[in-house]
Amino acid sequence: MVYDPKRIEAAAQSRWNAVDAYKAVENDPRFPKGKYYACSMLPYPSGRLHMGHVRNYTINDMLARYMRMQGYNVLMPMGWDAFGLPAENAAMKNGVPPAKWTYENIAVMKAQCKALGLAFDWSRELATCDPAYYKWNQWFFLKMLENGLAYRKTQIVNWDPVDQTVLANEQVIDGRGWRSGAIVEKREIPGYYLNITKYSEELLDYTLNKLPGWSERLRTIQENWIGKSEGVRFAFPHDIKDASGKPIQDGKMYVFTTRADTIMGVTFVAVAPEHPLAARAGELNPALAPKIEALKAGGTTEAELAVKEKEGVATGLFVTHPLSGEQIEVWVGNYVLITYGDGAVMGVPAHDERDWAFAWKYGIDIKQVTHFVTGARAGSEPQVDRINQPIFSAYAESHWHVSYGDKSGAYTTGWIELWRVTDSNNLGTRTRFDEMQQCAWLEGLNTSNAVDVVAKALAEKGLGEKKTTYRLRDWGISRQRYWGTPIPVIHCEDCGVVPVPYEDLPVVLPEDLIPDGSGSPLKTDEKFLQCSCPKCGKPARRETDTMDTFVDSAWYYMRYASPNAEIDGKPTMVDARNDYWMPMDQYIGGIEHAVLHLLYARFWTKAMRDMGMLKFDEPFERLMNHGMLLNHIFFTPGEHGAKNYFPPTEVETTHDEKGHINGGTLPDGTRVEYGGIGKMGKSERNGVDPQDLIDKYGADTARLYVMFVGGPEDPAVWSDTAVEGAMRFLRRVWTYCADRAGEISSAGAVDASKLTSELKTTRFELHSALKQSNYDYERRQYNTVVSATMKMLNTLEAVKPGVCPALSREGASVLLRALYPVAPHVTCELWSDLGFEKVHGSLLDAAWPQPDTAALVRDEIELVLQINGKTRGAITVSSSADKATIESAAAAAPEVQKFGEGRAPKKIIVVPGRLVNIVV
RNA sequence: GCCGGGGUGGCGGAAUUGGUAGACGCAGCGGAUUCAAAAUCCGCCGUUAGUGAUAUCGUGCGGGUUCGAGUCCCGCCCUCGGCACCA
């Protein structure tokens, strides 16, 4: 019988279905080791699975099946991130309501998941567009309103003119909307915010110290995102008045700095073009207004890339230095951001790179107030008390280099905080002058002490204090979209904004609307809009904004853990089952969610905890980011630098003399260029449809291939021929078992004492491979797990049928179990065909095979023989040989004479079981 | 610029953490089978020299530690990812 994946896989899947094989139950007595919750990130139902999904879920599936055989009660659920923009776009294009499109996609993708044989517990499936789910988004939103964690405010927001919606900061990439790519505008709009910044410090603390199961890489990304910065916020007093005669900002221009120790070096202040002082300067001097306006242009868009040049204008307005009392001129600078801190900075050209560039350009004083002191090296310290432009030439004459940016050691013009080269032969080591001079009261202090002293001096004058700022902002969740969770509030002419009462939830989103591109159809849907005010009962209007879809994904994994939750007979968001499964033991998903989703989910968890709804601090114990799937890119040049892409399957590749791909030809002979390797995607047309793979080779081959191609976290390049190889291996497994079905199903246990030495070696190799497989399962290096199973088969095939049925039987039983998590269909089929099921029970719950330690012991072992650390041969000794025996055997080896040049051994190093090294 | 990964055959990658570098697979070459092809099976497959046994060099580059370095240390180069006019 030939290997027929279609038949085998359909049969296996229907058997699993019939017994509900993957349903997880809390405290299931079958599993003594307790729970294990392994979950993949919720997919968006875009139409069909792509290879990234296959990889993600196969990793998840291998882990789940392995852990179950280890005795854990495994939960592996699946659901759908079903709200969002693509459904609206598809609706517009096809004239079908988003709901219909979404549910149809879900049906297709669910069928594909089943075809892949993934061990999901479908009884916990959820779709975030289901009112039974999003009701709890609304419910918790109202709770947050009550607790002050959600609030409404008008703010300048990022407005995407194409998508007609507000974007979060993180959804703006290079000044453009993350989906539409349109240049983002600033708009004032009212909306709801969630107070994630309340948890900044806790989120950071856990990121840095309490998430050992997260990669360094991921924690760094989150740390940067939270962006903690400790410094001093203080004011420059002034009496600049607005048009009505009132002092602007109460006569205090605030700035934030991390280097308050350099405050005596301030020679100017710079404000953002949007700052009130800039606006006033424009009013007072109309000639300045257009120049200030021009500085805005460089703000958040192209200019960032194009114009690195610092630009500014002097305003002719002055503020007072809070400590020295000096008059300091206010400049407007294009490098000052209104969105960060107070939109103003103190300018210390001697000690800040940007300030230096700015001052250098406009001829502003540069006043140095700290310098490097090391004294650790011989040679005279440079005498510096004031930096002026000519200082560069002064430095040039000595061996003290002023080095900025240029690693060659040549000095270039640029900002100098006087990095001193400490060793002329070692240009990489730089030391920082770290003590104060010039200001007697700061003399001799290092940076951090000086900051404290300055902060104290400012505090005494009531002008400032130490302050910690974070880059993290509150999470704006209002979206001017239709296909999302309705925000449960009502607008009443008399009472204002009134929350929907809990008992009226959910506010159901009508599912039959079709957006036409002119904004949310909710705005014109009277059936949805009309309601009465919960407070006064008068006719009122519903809120038409819906929630950001990151709300949906912030807690879905807890709903998996407690579907249809209820407490005392009443429906709830989560229940005690959540505390059984959570926190999640292993979360698996793409690195693209490193900040957005993960940070929101962590925040949401902490908010629920603080409302007494759960008992843990963090949702995800361990996190794995599977690598991207890449493929070759081929194209022909089009007009205006555009490229016409061709799927790699249509291209016959050509190679250069080194064997590297350098292009290819299409079936019609057209020459195409090679565009290198890139992420599989629609735009480059280099994606591979998993359905084609399943149809052609079967799910087991598709799974085996994506696991074998590389480490789970590494990027992987697609290869057609490697897929053929995966299929070939499974066919050999099938053939091996089929050819020996008789001897395998009837044989008894191996009697090791009766094996020939050749068969002992075979058994040794089998159990060695098993040992490797188990080791690699534990560290989740699934590509070498596959290697190990291939070794097992290679070893077993070398013994002819009939030679040792007992060993064939043992081999098959080990191989099938080790291979099962990767290729569950074919192994389950063979497990049952060969009669193992009758003895050991279902493969799903069979005991994981352990190597026989006796089989791993050999009578004789080969030790590598090294002479002076170079491998020169090998010696064979008894495995029980002691050190002295090995040493004398090694010393007697002919290689010692040959390579030792007749000298007597000085030293012999024996590494047990590995090698012996003779030093002569 | 700062932070974090990573550089190993023609290719994907392995090396159980300092102990035979290149496991396993792909591609390639030679052979068997076949009327032929596919499929399958057997053998070879880092470099240089040699008919060969074998020797030589070899894990991005330059040093170092060690009996022994892909692995540890110092200094570079390249590459991927994150953050950033963040004050």
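These numbers come from the heavy atoms of this one structure, side chains and all, not from hydrogens, waters or symmetry mates. Chain A is the first sequence line, chain B the second, and so forth, proteins listed ahead of strands; every chain is numbered from 1.
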- Short question: side chain of A:H275, backbone of A:V332 - any donor-acceptor pair under 3.5 Å? no

Between OH of A:Y736 and P of B:C41 the distance, given in whole Å, is 15 Å

Rounded to the nearest 0.5 angstrom, the OG1-CG distance for A:T876 and A:L863 is 8.0 Å

Of B:A27, B:C85, B:A87, the nucleotide closest to the side chain of A:V345 is B:A87

Expected label for B:U51 (glycosidic angle, syn inside 90° of 0, else anti) would be anti

Sub-3.5 Å pairs of nitrogen or oxygen atoms, protein against nucleotides 56-59 of chain B:
| from | atom 1 | to | atom 2 | distance (Å) |
| --- | --- | --- | --- | --- |
| B:U56 | OP2 | A:R872 | NH1 | 3.3 |
| B:C57 | OP2 | A:K870 | NZ | 3.3 |

Quick note, A:Y335 side chain, CB onward, closest among B:G82, B:C67, B:C85 is B:C85

note: A:Y470, atom OH; B:C83, atom P; distance rounded to Å ~ 20 Å

message = Need one value for A:V255: base, sugar-phosphate or nothing, where a base atom within 4.0 Å counts as base even if backbone is also close, heavy atoms only.
response = nothing

A:R732 atom CZ is separated from B:C41 atom P, nearest whole Å, by 6 Å

_Once you apply a heavy-atom cut-off of 4.0 Å, does A:G725 come out as touching a base, just sugar-phosphate, or nothing?_
sugar-phosphate

Centres of the A:Y254 and A:F236 rings: under 6.0 Å?
-> no

Whole-Å distance, A:Y705 OH to B:G25 C1', equals 11 Å

| According to the interplanar angle, ranging from 0 to 90°, do the rings of A:H593 and A:H597 count as parallel (below 30°), tilted (30 to 60°) or perpendicular (above 60°)? | perpendicular

Once base and sugar-phosphate atoms are separated, protein heavy atoms under 4.0 Å mark nucleotides 19-24 of chain B, 5' to 3', with B, S and - as BBS-BB

Ranking B:U40, B:A14, B:A87 by distance to the side chain of A:R731, first place goes to B:U40

Q.
Is it the case that the ring center of A:Y705 lies less than 6.0 angstrom away from the ring center of A:W718?
A. yes

Between OH of A:Y775 and C1' of B:A14 the distance, given in whole Å, is 12 Å

Heavy-atom nearest nucleotide on RNA chain B taken for A:M346 and for A:A716; more 5' hit belongs to A:A716

> Quick one: is B:U17 close enough that its OP1 or OP2 comes under 4.0 Å of any side-chain N or O from A:Q781?
Replying inline: no

Walking RNA chain B from its 5' end, the first of A:R728 and A:E797 to be reached, judged by nearest nucleotide, is A:R728

Which of B:A15, B:G12, B:C67 is nearest the side chain of A:V919? It is B:C67

To the nearest 0.5 Å, atom CD1 of A:I861 lies from atom CZ of A:R914 at 11.0 Å

When both distances are under 3.5 Å in a Watson-Crick or G-U wobble arrangement, the nucleotide paired with B:A49 is B:U54

| field | A:K228 atom NZ: more than 12 heavy-atom contacts under 6.0 Å | value | yes

Given the 90°-from-0 boundary between syn and anti, B:G9 should be labelled syn

Between A:R233 and A:E465, is there a side-chain N and carboxylate O pair less than 4.0 Å apart?
-> no

